[in-house]
Amino acid sequence: MIYLEKIVKYYGQGEARTEVLRGIDLVIERGEFLAIMGPSGSGKSTLMNIIGCLDRPSSGTYRYETRRIDRLSLDQRAWFRRYMLGFVFQGYNLLKKTTALENVEMPLIYHGIPAAERRRRAVEALKSVGLANRLTYEPGELSGGQQQRVAIARAIVNDPSLLLADEPTGNLDTATSVEIMKLLTSLHESGNTIIMVTHEEDIAAYASRVIHLRDGMIERDHTNVH
């Protein structure tokens with residue numbers, strides 16, 4: 001599904017050049033649940049941003065199935081993000097003074113989906129994350145865990161091919177983190193491909209596979225046994 005070959009990412013030039021990724025080779029199969037771990041500065045967020053088309057590699061090859069993603073134009077990358085990917089962020093990124101239902105509908109508006117169909121799909125997405133009774137609640141009326149569930153519903157409402165989660169439990173307490181990870185596990189078991197950045201071993205344990213980055217390179221790559 002995803003093929004990364006000799007991915008390098010650097011910033012600056014000459015003596016000011018800083019290499020963040022130093023030749024990443026990685027294959028991610030459809031249906032995997034991959035956790036990316038590593039200390040601060042290891043390159044895990046940069047790698048996630050490249051996979052999510054929020055950044056592009058300085059050199060190397062990024063293929064999504066047979067398509068060369070590293071060669072896409074700005075507009076093509078935006079299309080790829082919109083139609084193929086779903087994003088879940090640590091900070092939820094929900095619109096304030098907007099209901100849970102309206103937040104989840106937002107990606108469908110960009111797709112030009114008619115209002116009645118938008119509502120139906122958004123309601124179904126919120127039901128799937130256990131928030132059928134919170135459709136009209138605004139973010140300020142929801143707990144952190146409920147806000148993250150809304151964010152997950154928004155990420156999956158377009159039925160993306162790939163779900164990217166960047167520290168999805170970073171702002172949550174332990175009990176709520178477990179709830180969110182059980183939800184992500186359920187989505188994975190339903191066939192979703194998930195890539196997650198985390199710095200917590202107990203959160204990475206939910207994934208089917210874990211890679212550890214250090215100094216911009218893959219230090220370890222192992223499969224979790226559940």
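Every heavy atom of this structure was used, including side-chain atoms; hydrogens, water molecules and symmetry mates were not. Residue indices begin at 1 and follow the sequence shown.
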*Residue pair L4, L47: steps toward the side-chain contact (heavy atoms from CB on, under 4.5 Å) verdict*: CA-CA 10 Å; L4 303 177; L47 179 57; 3.7 Å; yes
*Could you list who else is in L95's hydrophobic cluster, with ILVMFWY side chains joined at under 4.5 Å, directly or through other members?*
M106, I109, Y110
*asked:* Applying side-chain contact (heavy atoms from CB on, under 4.5 Å) to L101 and T136, what does each step give before you reach the verdict?
replied: CA-CA 6 Å; L101 185 63; T136 61; over 6 Å; no
_Just verifying a value: how many Å separate D202 CG and S177 OG, rounded to the nearest 0.5 Å?_
7.5 Å
_Flag side-chain contact, heavy atom, 4.5 Å: V20 against Y11_ = yes
*Is I2 reachable from M37 through a run of hydrophobic residues whose side-chain heavy atoms are each under 4.5 Å from the next?*
no
*asked:* If you compare all heavy atoms of G86 against all heavy atoms of P160, which two are closest, and at what distance to 0.1 Å?
replied: N-CB, 3.6 Å
*Checking Q148 side chain against P168 main chain: does a donor-acceptor pair fall under 3.5 Å?*
yes
_Within the 4.5 Å heavy-atom criterion, are R154 and N103 side-chain neighbours or not?_
yes
*Got a second to check how far L135's CG is from E102's CD, nearest 0.5 Å?*
11.0 Å
*Please indicate whether R119 has more than 12 foreign heavy atoms, meaning atoms of other residues, nucleotides or ligands, lying under 6.0 Å from its CZ.*
no
*asked:* Looking at every non-hydrogen atom in both residues, tell me the closest pair between L213 and S42 and how far apart they are.
replied: O-CB, 3.4 Å
*Which atom pair, heavy atoms only, marks the closest approach of S208 to T223?*
O-CG2, 3.3 Å
*So, does E124 use its side chain to make a donor-acceptor pair with the main chain of R121 at under 3.5 Å?*
no
*Decide yes or no for L164 and M48: does some side-chain heavy atom of the first lie under 4.5 Å from some side-chain heavy atom of the second?*
yes
_Residue pair T176 / D173, side-chain donor-acceptor N/O under 3.5 Å_ = yes
*Would you say V27 and L21 are hydrophobically clustered, going by side-chain heavy atoms of ILVMFWY under 4.5 Å?*
no
*Check whether any side-chain heavy atom of L94 sits under 4.5 Å from a side-chain heavy atom of F89, and report yes or no.*
no
*Establish, yes or no, whether a centroid distance under 6.0 Å links the rings of Y64 and F80.*
yes
*Side-chain ion pair, E117 and R120, N-O less than 4.0 Å*: yes
*Of all the heavy-atom pairs spanning Y62 and I50, show the shortest one and how long it is.*
CE2-O, 3.2 Å
_Around atom CZ of R209, are there more than 12 heavy atoms from other residues, nucleotides or ligands closer than 6.0 Å?_
yes
*Donor-acceptor pair, side chain of R118 and main chain of I113, under 3.5 angstrom*: yes
*In plain terms, say whether D55 and K9 are close enough for a salt bridge, that is, a side-chain N and a carboxylate O under 4.0 Å apart.*
yes
_R22 CZ to D215 CG distance, which is reported to the nearest 0.5 Å_ = 6.0 Å
*asked:* Less than 4.5 Å apart, side chain to side chain, heavy atoms only: is that true for T169 and V178?
replied: no
*Would you say R68 has more than 12 foreign heavy atoms packed within less than 6.0 Å of its CZ?*
yes
*asked:* Starting from I195, can I reach M84 by hopping between I/L/V/M/F/W/Y residues whose side chains sit under 4.5 Å apart?
replied: yes
*Run the salt-bridge test on E19 and R17 with the 4.0 Å N-O cut-off and return the result as yes or no.*
yes
*Measure from the side-chain N and O atoms of R149 to the backbone N and O of V129, and report whether any donor-acceptor pair falls under 3.5 Å.*
yes
*Can you measure from CD1 (I152) to CG (L183) and round to the nearest 0.5 angstrom?*
4.5 Å
*Would N171 and Q90 count as having a side-chain donor-acceptor pair, cut-off 3.5 Å?*
yes
*If you group Ile, Leu, Val, Met, Phe, Trp and Tyr by side-chain heavy-atom gaps below 4.5 Å, do L54 and L162 land in one group?*
yes
*Gap between atom OG1 of T66 and atom OH of Y3 - 0.5 Å precision*: 9.5 Å
*Under 4.5 Å between side-chain heavy atoms, hopping through other hydrophobics if needed: is there a path connecting Y137 to I180?*
yes
_With sequence neighbours excluded, residues passing ring-ring contact (aromatic ring centres under 6.0 Å, His included) with F33_ = H188
*Looking only at heavy atoms, which two atoms of A122 and L108 are closest? And how far apart?*
N-CD1, 4.5 Å
*Could you check if a side-chain atom of I36 sits within less than 4.5 angstrom of a side-chain atom of M196, using non-hydrogen atoms only?*
no
*In Å, rounded to the nearest 0.5 Å, how long is the span from OG of S128 to CG of L187?*
6.5 Å
*Kindly determine whether M181 and I203 satisfy side-chain contact (heavy atoms from CB on, under 4.5 Å), including the steps that lead there.*
CA-CA 7 Å; M181 291 314 302; I203 296 301; 3.7 Å; yes
*Side-chain donor or acceptor of T98 paired with backbone N/O of K96 under 3.5 Å*: yes
*asked:* Can you give me the closest heavy-atom contact between Q147 and L142, atom names plus distance?
replied: NE2-O, 3.3 Å
_Can you confirm whether D70 sits close enough to R56 that some side-chain heavy atom of one is under 4.5 Å from a side-chain heavy atom of the other?_
no
_Any N93 side-chain heavy atom under 4.5 Å of V88 side chain_ = no
*Test I218 against H212 for side-chain contact (heavy atoms from CB on, under 4.5 Å), laying out the working first.*
CA-CA 6 Å; I218 296 177; H212 296 257; over 6 Å; no
